Number of protein chains: 2
Amino acid sequence: MPSRLPSSGPDGAAMPLDSKTLCLGALDAGFNTGYDIRKAFEEGPFRLYQSLSYGSIYPALNALLAEGLASCTEQVQDGRPDKKVYAITDAGRAALRAALTRYLKFDRLRSDFMFAIAFAHLLRHDQVSALLDDYAAGYRALADELGAESCDPPAGRRFLIDMGRDGCHAWARCIEAHRAALEEALRRDQDADAEPPPPRLAAIGGGG
Amino acid sequence: MPSRLPSSGPDGAAMPLDSKTLCLGALDAGFNTGYDIRKAFEEGPFRLYQSLSYGSIYPALNALLAEGLASCTEQVQDGRPDKKVYAITDAGRAALRAALTRYLKFDRLRSDFMFAIAFAHLLRHDQVSALLDDYAAGYRALADELGAESCDPPAGRRFLIDMGRDGCHAWARCIEAHRAALEEALRRDQDADAEPPPPRLAAIGGGG
DNA sequence: CTAACCATGTAAAACGTTACATGATTGC
DNA sequence: GCAATCATGTAACGTTTTACATGGTTAG
């Protein structure tokens, strides 16, 4: 059985990486229990780029085991459920490599903040400013968290960390670079609304 | 009936904006049919920040209509199904404003490329380079597409456009700024692997 | 002649998150 | 005492994507 990893459909079209592939990657990166894998996607190196929760991880791990893409040794523990320590197999590493070599789906950003800001005209000015403050602060905080990563990772992981840090900083700077224009435009629009209707009477009277 | 828009759960925790809110936003922005709304999320101003497909849009539109958050006038057409032209109502605008004022879930980036690059050590160098080329090119192309947006949009939409353009350019620059380090590290690792085993024989012989 | 565009809508399938169930240990 | 951490796993739930159904017009 040729252990399929459907990150590409039957036609070869780009499909998102599936949870099995993501787990295989986490395993290769040295996260070797379901619990640790979740942390890798919640707080660890993959945090910015992918997400995965228990509900996907444990079934995926069992599937990988059944397909021979991962192996598992159980460690009996006191009080807690037995710890299952997984390792990627050679077949698993081959499958991971194959999945990463297919056409990858391009990045997708989901930003409720940016969507909200599109409707700045419906919000009060102080709400818009607060939104921008929170948003920029969020990215700065993220950048700092991501920068404080484990020392001396392999080359690929180093790239992830550096990109995450600098990319988040860049986005924050971008917000700050454009907010002045937004806030000024909003003020202008408000002034235009609040202004008493322009003295058309004169024009009308003069034109008659 | 107080037309709920569940972008916040019962406890007030941050939840992603739901499809009804997104449709309300599209309606407010002047996209007034299901078909046009899809284009707004596929190619239009929201393209970078949210996604929404027919399967979500048409049911959402019908729900909004039933709740009085949108109104609809049908335009009979030749051959095609009747065109339903929607408009946001005052209640709808209030609901949109309310949804955007709740706690918003922070941005989530999904990047299969970045995940793949984390495993550069499993790929051939030319594959890694091709990946980086495609990735940077993708962001540059996106930036250019986003920059070529409709003229003179309202202030909030102007912000979206400018952020999209500059943000994508910044990310592309970031890729290019860090790729040299990655590729060099990969070369170093390969050289270390390819190097003939160090002359331990001498040491062993000398020590005997 | 083929592809893309216009236009709405439904149904099924795939996928993911959340909450639940369980429960000892460690730090504040 | 309370919260967090460790640790696995399932079931319900909701969302999203994809395919299907229909079909005339227009541009290359």
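Just so it is clear, the model here is predicted, and its values are computed rather than measured.
At the phosphate of D:dG14, neither OP1 nor OP2 sits under 4.0 Å from any side-chain N or O atom of B:Ser19. Close to C:dG16, at under 4.0 Å from its OP1 or OP2, lies no side-chain N or O of A:Ser51. OP1 or OP2 of D:dC6 lies within a sub-4.0 Å distance of a side-chain N or O belonging to A:Lys39. Taking 4.0 angstrom as the limit, B:Ser53 places a side-chain polar atom (N or O) nearer than this to OP1 or OP2 of D:dT17. For the OP1/OP2 pair of D:dC6 and a distance below 4.0 Å, the side-chain nitrogens and oxygens of A:Tyr35 include at least one atom meeting the criterion.
Rounded to whole Å, atom C1' of C:dG9 lies 11 Å from atom OH of B:Tyr54. Between the CD1 atom of B:Ile57 and the P atom of C:dA11 there is a distance of 18 Å, given to the nearest Å. Atom-to-atom, NZ of B:Lys83 to C1' of C:dC5 comes out at 12 Å; the value is rounded to the nearest Å. Rounded to whole angstrom, the span from the CG atom of B:Asp82 across to the C1' atom of C:dC6 amounts to 13 Å. The CG atom of B:Leu61 sits 13 Å away from the C1' atom of C:dA7 (whole-angstrom rounding). Taking atom CD1 on A:Ile37 and atom P on D:dA7, their separation rounds to 13 Å, with Å as the unit. In this entry the distance linking CG of A:Asn62 with C1' of D:dA11 reads 16 Å, nearest Å. Atom CZ in A:Arg38 sits roughly 16 Å away from atom P in C:dG16 (whole-Å rounding).
Salt bridge annotation for A:Glu183-A:Arg179: present, with a cationic side-chain nitrogen under 4.0 angstrom from a carboxylate oxygen.
In the displayed structure, A:Asp126 atom CG is contacted under 6.0 Å by more than 12 heavy atoms of other residues, nucleotides or ligands.
Residue A:Gly156 comes nearest to B:Ala120 through the heavy atom pair CA-CB, 4.4 Å, listed as atom of the first residue, atom of the second, then distance.
Comparing B:Asp36 and B:Gly55 against DNA chain C, the residue whose closest nucleotide sits nearer the 5' end is B:Asp36.
Backbone-only contact: B:Gly34 has heavy atoms under 4.0 Å from sugar-phosphate atoms and none from a base. Using a 4.0 Å heavy-atom distance criterion, A:Arg110 is classed as a sugar-phosphate-only contact.
Of the candidates D:dG9, C:dT17, D:dT17, D:dG9 carries the atom nearest the A:Lys84 side chain, counting heavy atoms from C-beta on.
Taking the ring-ring contact (aromatic ring centres under 6.0 Å, His included) definition, one finds that B:Phe159 meets it with nothing, sequence neighbours left out.
Aromatic ring pairs are classed by plane angle as parallel below 30°, tilted from 30° to 60° and perpendicular above 60°; the pair B:Phe113 and B:Tyr135 is parallel.
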